[in-house]
Structure formats: structure tokens, C-alpha cells
Amino acid sequence: MFLVEGNKTITELFNSNFKIKEIFSTDPQKLDRANVPVTHISDNELKKISFLQNPKDSVAVCYLNEEKKLNDGNLQLVLDGIQDPGNMGTIIRLADWFGIEQIICSKDTVDFYNPKVIMASMGSFTRVNVIYSDLVEYLSGTKNINIGTDMDGENIYSFSRPEKMNLILGNEGNGMRPETEKLLEKSVMIPRFGKSQSTESLNVSMAAGIILGQLFSERE
């Protein structure tokens, strides 16, 4: 099982495939659902069971979903060893925003059910299918074009998006592992316009947002 915190995100669960076991709330009337048991707790009790420093109102205990089958989508995100739960949650939120239904992760990518991932996704985790797989095996057999990010890659602002592609994002510190890199067909980069050369790189979720924004702009 896993925890979902905050009324706003918990209400998203009601319209999803996730099943809630029970809810603990300081204000049960706001989450009154006949089919889900809601237990009234004090603010102090909420602090004891929450992962947050300043919990707001409720915590839901949910059942893990069965992992769905892996099928190629037209545009997919592939995460190679992403470790930061905040980055992972933000990337799930970006996928949801751009209508990307599936994210494929290496087996050492941070756990989808990590409380910080769930919180950072702001409810988007209920709408994006996240699958953990052997990336070498998947990227070797996919019909999509494998596209990575690299400072020597093609300028994203002049890049022509293929019909079917995987956008591969590497680990925050080390980038993609060599065996993943070997399976790339193309690479893209975000040009740096600032005069100062001090900023070495962009945060991975920020880079994903810029690249996705550009990929979708040419489809309009």
C-alpha cells in the first residue's frame, strides 16, 4: 500500500483506477464517500502519520495498482536512473500536461510510490502509466526513434519531431548510462543564451519541460 496526502490529491483518486482502503482526516465531511471508510483524527495524530512537515487535512491509504502492459505510444518519456523524487513527480506532472500517457523507467529509477513523488506529481500520477523495465531490452526492440539529450546534440529549436519517438532523460548527476546511450538514434540539446558560462546544466525536470514545450509547438 501507499499514502496519498491532502484533500485536493485524494479527491483525484475518486475518478481514477486507484482503490482507497481508508482515509484519516481532521475534517471528514469534506471527503464524505459512502464507499470509503473515513476516520476522524486530531491535528496532532495527522502530524504523526504524515510525511509532510506541515500536513494539511487528510491522509489516504491506497492499494498499489497492478502494473500495466508495456506498449509503444507515439511520444513517450524514458527515465534512465532518475533519483530525485521531486524530479520524478514533476516529470509525471509534465507528461500529464502534454497528454503523454506512458513513462518507462529503468529499474533503479526512484519508486513511483515514494510519498515525495506522489506529492510532487500533484494528482497527475492517477493519469500517467509508469512502467519499470529493462531499458536495454525495451530500447533495442522499440519501433519508436530513441532520442536522448546531449550538449553536442541537435538544437531543439530547429529539431524536427518524428512521428513516433522516445525522449530519454538520464540521471541527474551522471546522465544516461553507456548501454542506453549506444541505443540512441539522435540527440537534442537546449542552447544556452546567457553570456555567462557558469551554469553547467539544467535540472532534468526543467529540461524535460523546455524540450516537450518545443516538441509540441511545432505540432500546432
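If you read the sequence from its start, that first residue is 1, and numbering goes on from there.
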Could you tell me if Ser50 and Glu5 have a donor-acceptor pair between their side chains, going purely by distance under 3.5 Å? yes
Between atom CD1 of Ile190 and atom CG of Asn155, what is the distance when rounded to the nearest 0.5 Å? 10.0 Å
Working to the nearest 0.5 angstrom, can you tell me the gap between Met119 CE and Asn114 CG? 8.0 Å
Do side-chain atoms of Gln102 reach the backbone of Gly73 as a donor and acceptor pair under 3.5 angstrom? no
Do other residues, nucleotides or ligands put more than 12 heavy atoms under 6.0 Å from Met1 CE? yes
Any side-chain to backbone donor/acceptor pair from Gln83 onto Gly81? Under 3.5 Å, distance only. yes
Are Arg127 and Asp96 ion-paired here, with the side-chain N under 4.0 Å from a carboxylate O? yes
Okay, side chain of Glu45, backbone of Ser42: is any donor-acceptor separation there less than 3.5 Å? yes
Does Gly175 offer a backbone N or O that forms a donor-acceptor pair with the side chain of Asp80 under 3.5 Å? no
Tyr132 side chain to Glu67 backbone, donor-acceptor under 3.5 Å: no
Polar contact flag, side-chain donor to acceptor under 3.5 angstrom, Thr126-Ser16: no
On the ring face of Phe216, is Arg161 found with NZ or CZ under 6.0 Å from the centre and within 45° of the axis? yes
To the closest 0.5 Å, what do you measure between CG (Leu135) and CD1 (Ile104)? 8.0 Å
Are Phe18 and Phe125, when compared by the centres of their aromatic rings, separated by less than 6.0 Å? yes
Cut-off 3.5 Å, side chains only: do Tyr138 and Asn146 have a donor facing an acceptor? no
Atom OG1 of Thr109 and atom CG of Leu169: how far apart are they, to the nearest 0.5 Å? 10.0 Å
Does the side-chain contact (heavy atoms from CB on, under 4.5 Å) test come out yes or no for Leu212 and Leu77, once each step is laid out? CA-CA 10 Å; Leu212 289 173; Leu77 294 177; 4.2 Å; yes
Val59, Leu46, Asn44 screened by side-chain contact (heavy atoms from CB on, under 4.5 Å) with Thr26, the one that passes: Leu46
Other residues, nucleotides, ligands: >12 heavy atoms within 6.0 Å of Lys164 NZ: yes
When rounded to the nearest 0.5 Å, the distance separating CG of Asp108 from CG of Asn171 is 8.0 Å
